[in-house]
Amino acid sequence: MNSESRLKFLKPDDSDDVFAVDRETQNAETTSFVFNPNRNLSLIAQRDKLPIRKFVNDILYCLSNYQTLILCGECGSGKSTQIPQILYEKGYHAKGIIGITQPRRVSAITLAKRVAEEMGQVFGEEVGVACRFLNKFNEDTKIKFMTEGIIMREIFANPLLSEYSVIIIDEAHERNLITDCILGLLKKIAKKRESLKIIISSATMDAKLFRDFYNFRSKSNPKDTSIILTVEGRMYENEIFYLNEPCADYVQSTVDTIMKIHHKEPAGDILAFLTGQEEITRAIRMLREHMELTNVTEDELKVMPMHASLTHHDQLRVFFHTSRNTRKVIIATNIAETSVTIPGIVFVIDCGFIKLNWYMADLQINMLVVTPASQATARQRAGRAGRIKNGKVYRLFTQEEYQKLPNITAPEMRRADLSTTILTLKALGIDNILRFDFPSAPPAKNMLASIELLYALGAIDSEGNLTNDGLIMAELPLSPIHSKMLLESRELGCSDEILSIVSMMQVQQIFSYPKSGQGAITARRQRRNFEVAEGDLITYLNVYQAFVANGCTKEFCGQFCLMYRHLKRVVEIRNQLELMLTKQFKMKFNSTAASTTIIRRCICAAAFPFAAYLHHSGTYRMVRGDTEVNIHPTSCLYTEKQPSWIVFGEVVHTTKLFVRDITTIESPWLLELAQHYYHKTSVRNNQI
DNA sequence: TATCCGTCG
């Protein structure tokens with residue numbers, strides 16, 4: 001392969017020498033690919049061709065007359081790379097740093113590098129980037145890209161963000177929890193600092209909401225303070241097709257549509273959206289059967305899955321160039337909506353459903369549910385086609401159904417667990433959380449449930465004020481339950497082990513689950529080396545200790561079917577937490593002997609709101625609310641003898657309610673360690 | 001008995 005003409009991948013961390021990797025991006029967690037149709041032009045020529053450059057004067061006019069500018073435009077218009085440069089060219093950097101936030105690490109790093117390159121600067125000097133485990137900026141940095149989590153930390157340190165002259169919030173239309181939080185905080189800052197300019201990059205449907213949110217017009221000040229500017233930028237059109245009648249099985253319809261496109265349409269790759277891994281596997285199996293029956297070979301139609309739990313190597317397969325006669329078919333989850341951009345897609349198939357996290361306030365748990373997608377999601381998916389030539393989009397629902405879909409997906413703020421958000425805002429001195437001005441106010445019952453949880457954990461007192469422990473919990477980059485575990489471990493004498501366990505809980509998965517028959521059998525046998533009757537968290541501790549004892553090698557992970565890239569991150573996270581706890585909070589680390597009782601008591605002392613007991617029916621019941629829950633098949637307790645009492649980390653809803661990350665406990669511990677939460681009577685009543 | 005959408009510090 002000729003490395004000059006090859007597009008560059010960011011961050012393969014398998015040492016895959018086919019791809020060009022550089023050191024800064026090596027740490028990034030996810031796959032990213034930036035497709036650039038003007039690759040052959042010089043950087044400056046490419047830059048001047050971008051649609052956004054035609055709007056320079058409009059942008060500058062808006063910014064000098066209004067404090068907040070809402071910028072609408074399709075992706076590909078060059079907003080993210082050009083706006084910072086335009087502001088720099090006009091000298092905005094003289095009054096303070098130009099800050100740009102991104103929802104994801106890879107996009108922050110990619111964009112920062114691109115802008116440095118276009119400006120002919122050394123990356124990390126005038127143009128820099130900040131995200132967890134990667135700080136590439138210095139005191140001369142004028143354009144600073146960062147993740148949203150980082151600017152949140154900066155608000156902690158400097159509540160008015162006085163170093164900055166401009167803040168650009170990119171991808172605000174995604175309406176992530178943290179984006180909405182920052183938008184609320186920025187509104188307070190903007191009122192106090194009239195010199196601060198704010199640019200919000202958004203899609204059309206949210207523009208008016210954002211404009212009104214930042215319009216401080218009043219009787220005493222009759223002038224608008226915010227304005228919308230729309231920049232056109234699309235180069236190709238997509239033709240949209242709907243079904244005449246609703247379909248019964250969208251997985252089957254996806255397969256049928258793929259075959260129809262393959263037989264009737266000219267060359268061009270296909271991207272199909274389904275809701276989860278299981279559907280994707282089923283679709284691929286059906287498609288292969290179909291291909292066999294109709295004598296279509298893998299050389300003609302190359303099928304591949306794309307979802308987050310694939311190994312990195314398998315994720316990269318979707319980027320391989322295929323021969324001219326091969327049509328690629330990628331069947332993906334919503335990872336392909338934003339996080340991964342696959343070049344050269346001509347056909348998109350959209351099942352019309354999406355899997356989302358919903359917070360059930362009455363149970364205080366998160367649930368994953370499949371729901372109809374929104375029009376905004378359908379448009380976002382459609383936009384993945386038509387980037388190199390006109391595309392076609394097949395929606396597996398009727399046009400009437402499309403009209404009935406909600407305009408946008410409910411912002412995460414309205415459907416997420418708010419305990420971390422509330423803790424953070426409390427730490428920033430916002431006393432009345434219920435009256436905080438969010439772009440979309442969360443449901444009051446969700447807030448109250450989170451406040452109740454924070455009270456139970458001792459993060460806030462009965463007046464709703466942050467306690468000393470609460471302040472530490474707010475500062476730690478962990479969920480309140482995990483922070484609480486660490487705080488409890490000081491007294492109980494097992495902080496070393498709890499730190500390892502908590503670090504392990506910060507990554508998505510530890511074990512790899514190969515799909516092929518023999519691999520799956522090997523993986524299951526290797527997991528047995530670590531599994532213990534005390535539950536998943538103690539099992540994770542065993543894995544961590546074995547990984548470290550064996551030199552943290554890739555070979556060890558290969559042998560025992562562990563996710564090397566995740567375990568490497570665990571080590572990084574553990575180091576960061578240990579440093580924070582010792583330097584910032586003067587915590588002394590201690591370790592317990594061979595017995596796991598102390599460790600399990602410590603887990604129980606933090607996870608007590610999520611306790612369940614074995615009901616005589618053979619399933620579990622949550623102590624709170626008496627809801628039936630089942631042990632998740634990935635838990636090490638799934639095949640073990642079922643313990644009488646457990647605490648768990650999370651609930652997933654598929655065919656039933658399943659609990660994961662389980663630890664066995666003794667029922668008296670709940671009364672001892674959380675007597676403020678569990679009255680003796682209620683525990684006795686629930687006992688068998 | 002039958003298996004997780006995607007992010008972040």
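Below, chains carry the letters A, B, ... as their sequence lines are ordered, and counting in each starts from 1.
The side chain of A:Ile150 lies closest to B:dG9 when the candidates are B:dG9, B:dA2, B:dT7. Closest to the A:Pro477 side chain, of the nucleotides B:dT1, B:dT7, B:dG9, is B:dG9. For A:Arg104, the listed nucleotide lying nearest its side chain is B:dT7; candidates were B:dT1, B:dT7, B:dG6. Comparing B:dG9, B:dT1, B:dT3 against the side chain of A:Tyr638 picks out B:dT1 as the nearest. The listed nucleotides are B:dT3, B:dG6, B:dT1; the one nearest the side chain of A:Asn334 is B:dG6. Comparing B:dT1, B:dC8, B:dG9 against the side chain of A:Cys131 picks out B:dG9 as the nearest.
Nearest heavy-atom pair across A:Glu578 and A:Thr582 is O-OG1, 2.8 Å.
With rounding to whole Å, A:Leu368 atom CG is found 13 Å from B:dT3 atom P.
Using a 4.0 Å heavy-atom criterion, one finds that A:Leu476 contacts the bases of the nucleic acid, with or without backbone contacts as well. Counting non-hydrogen atoms under 4.0 angstrom, A:Asn630 reaches nothing in the nucleic acid. Within the 4.0 angstrom heavy-atom criterion, no nucleotide atom of any strand lies near A:Ser309. Within the nucleic acid shown, A:Ile631 has no heavy atom closer than 4.0 Å to any nucleic acid atom. Within 4.0 Å of A:Gln576, counting heavy atoms only, lies no atom of the nucleic acid at all. Within the 4.0 angstrom heavy-atom criterion, base atoms lie near A:Glu650. Among the atoms of the strands shown, none is found under 4.0 Å from any heavy atom of A:Glu337.
The side chain of A:Thr338 contributes no N or O atom lying less than 4.0 Å from OP1 or OP2 of B:dG6.
Both A:Asn357 and A:Ser479 lie close to DNA chain B; mapped to their nearest nucleotides by heavy-atom distance, the more 5′-ward contact belongs to A:Asn357.
Note: A:His307 NE2 to A:Thr275 OG1 = 11.5 Å, rounded to the nearest 0.5 Å.
For A:Lys426, there are no salt bridge (charged side-chain N to carboxylate O under 4.0 Å, His left out) partners, not counting sequence neighbours. Applying the salt bridge (charged side-chain N to carboxylate O under 4.0 Å, His left out) criterion to A:Asp417, with sequence neighbours excluded, gives no partner residue.
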